[in-house]
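Comments concern the structure below.
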Amino acid sequence: MYDGERLKQLRADLRLTQAEMAEKLGTHVNTYGAYERGAQVPSSDVLLKLYEQFNVSSDWILYGLGDPTSQAQGKPAGEPVGGDQSYFGLVPMAEAHLDAGGGAVVMSEAVRDYFAFRKDWLRRVATAVRNLILMTVRGDSMEPLLVDGDVVMIDQGRRMLSSGQIYALGMEQAIMLKRLERLPGKRVRIISDNRIYPPYDVPEGDIRLLGQIVWFARQLVRPD
């Protein structure tokens, strides 16, 4: 569980003001203050700068695991080890979920966790690491490809509609996961892979593309 007291402790040890710390991390002092209060989780860019400038483990900042520099101890410079943040990009997991059915009301889009992926792989599949977000699938309308509980990676830099691809999209206050097809007359066909859900057409202006799905994962053993 993230606790801003750890970041506050680090700043006190470094003998820096909030304004000085915010400048070093490339963020606004008010945003940094929210990190220390625990009102906001540090972004992946801030976590990376904490590692690069102060040799501080993101596991310690986010979860209180180990000591601040445990990931860096005893590792030769330049060695691509698991804890070396320079080789990994941190992708946020949103609290909100994607409905693969009729559409789920977005209760929150706050970040609840971060997951590490190799940067060289992310560069091959995404427009930029900063454009990526992970969300959980709910519902059965995209079966058999995607099932309830799957995690999808959304590239928010891919918002140009390409027929046949799967997108996260918003309609009014709901977000959903669907395959899209561009139609004449500025209309879009919304398609579920599960054939029990018939496709339907909407004006292009009625939807907002949140991003294209570029990867998904499935946990085969789940808690009871």
Side-chain angles (χ1 to χ4, degrees), residues 27-28 30-31 34 39-45 89-115 117 121-219 222:
T27 190
H28 193 277
N30 292 342
T31 303
Q40 188 172 335
V41 179
S43 68
S44 57
D45 287 344
L90 296 176
V91 180
M93 169 71 80
E95 285 185 353
H97 66 260
L98 285 166
D99 189 87
V105 176
V106 181
M107 301 304 295
S108 171
E109 291 186 5
V111 172
R112 63 180 171 88
D113 213 337
Y114 287 92
F115 291 85
F117 295 82
W121 179 78
L122 291 175
R123 283 193 290 267
R124 291 197 298 269
V125 301
T127 54
V129 176
R130 66 180 178 275
N131 292 335
L132 297 173
I133 190 167
L134 298 168
M135 298 185 79
T136 304
V137 176
R138 292 286 180 262
D140 64 354
S141 75
M142 294 305 291
E143 291 184 357
L145 179 63
L146 300 172
V147 304
D148 186 83
D150 283 355
V151 172
V152 294
M153 181 183 288
I154 303 165
D155 185 348
Q156 299 173 99
R158 298 179 188 270
R159 298 193 182 188
M160 294 292 291
L161 197 160
S162 178
S163 290
Q165 301 302 313
I166 300 174
Y167 292 88
L169 63 139
M171 294 183 67
E172 298 180 348
Q173 297 302 310
I175 55 175
M176 62 185 71
L177 188 63
K178 297 292 180 183
R179 198 177 297 277
L180 301 181
E181 181 181 343
R182 187 184 297 277
L183 300 175
K186 294 186 176 181
R187 296 183 67 82
V188 176
R189 177 158 296 164
I190 298 177
I191 303 167
S192 299
D193 283 5
N194 189 335
R195 298 304 182 185
I196 70 171
Y197 297 94
Y200 56 96
D201 303 343
V202 298
E204 190 175 293
D206 285 2
I207 66 172
R208 61 187 187 280
L209 292 184
L210 306 179
Q212 184 179 340
I213 307 306
V214 296
W215 174 90
F216 77 93
R218 180 171 304 154
Q219 183 174 318
R222 299 183 183 176

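What's counted below: heavy atoms across the whole structure, side chains too, no hydrogens, waters or symmetry copies.
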[atom1]-[atom2] distance between [X] and [Y], expressed to the nearest 0.5 angstrom:
| X | Y | atom1 | atom2 | value |
| --- | --- | --- | --- | --- |
| K178 | D193 | NZ | CG | 9.0 Å |
| N131 | L122 | CG | CG | 11.5 Å |
| I166 | R179 | CD1 | CZ | 4.0 Å |
| L90 | L132 | CG | CG | 11.5 Å |
| Y167 | M160 | OH | CE | 9.0 Å |
| L145 | D150 | CG | CG | 8.0 Å |

Within the 4.5 Å heavy-atom criterion, are [X] and [Y] side-chain neighbours or not?
| X | Y | value |
| --- | --- | --- |
| L177 | D99 | no |
| I175 | M135 | yes |
| L169 | M176 | yes |
| V151 | V137 | no |
| D140 | Y197 | yes |
| T136 | M93 | yes |
| V147 | F216 | no |
| V41 | Y114 | yes |

Q: May I ask you to decide if M142's main-chain N or O and N194's side chain share a donor-acceptor pair within less than 3.5 Å?
A: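 Side chain of N194 to backbone of M142, a donor-acceptor pair under 3.5 Å: no, none is there.
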Q. Counting distance only, does the side-chain N/O of S163 pair as donor-acceptor with the main-chain N or O of R182 below 3.5 Å?
A.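 Checked: pair present.
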Taking all non-hydrogen atoms of both residues into account, name the closest pair between [X] and [Y] and its distance.
| X | Y | answer |
| --- | --- | --- |
| R158 | V125 | NH2-O, 3.1 Å |
| R159 | L210 | NE-O, 3.5 Å |
| S141 | S192 | O-CB, 3.2 Å |
| I191 | P199 | CG1-CB, 4.2 Å |
| R208 | A174 | NH2-O, 4.3 Å |
| A168 | I154 | CB-CD1, 3.8 Å |

(Q) How about CZ on R130, more than 12 heavy atoms from neighbouring residues, nucleotides or ligands closer than 6.0 Å, or not? (A)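 No - once you tally the heavy atoms of other residues, nucleotides and ligands closer than 6.0 Å, there are 12 at most.
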Q: Kindly determine whether D201 and I190 satisfy side chain to side chain contact (heavy atoms under 4.5 Å, CB included), including the steps that lead there.
A: CA-CA 6 Å; D201 303 343; I190 298 177; over 6 Å; no
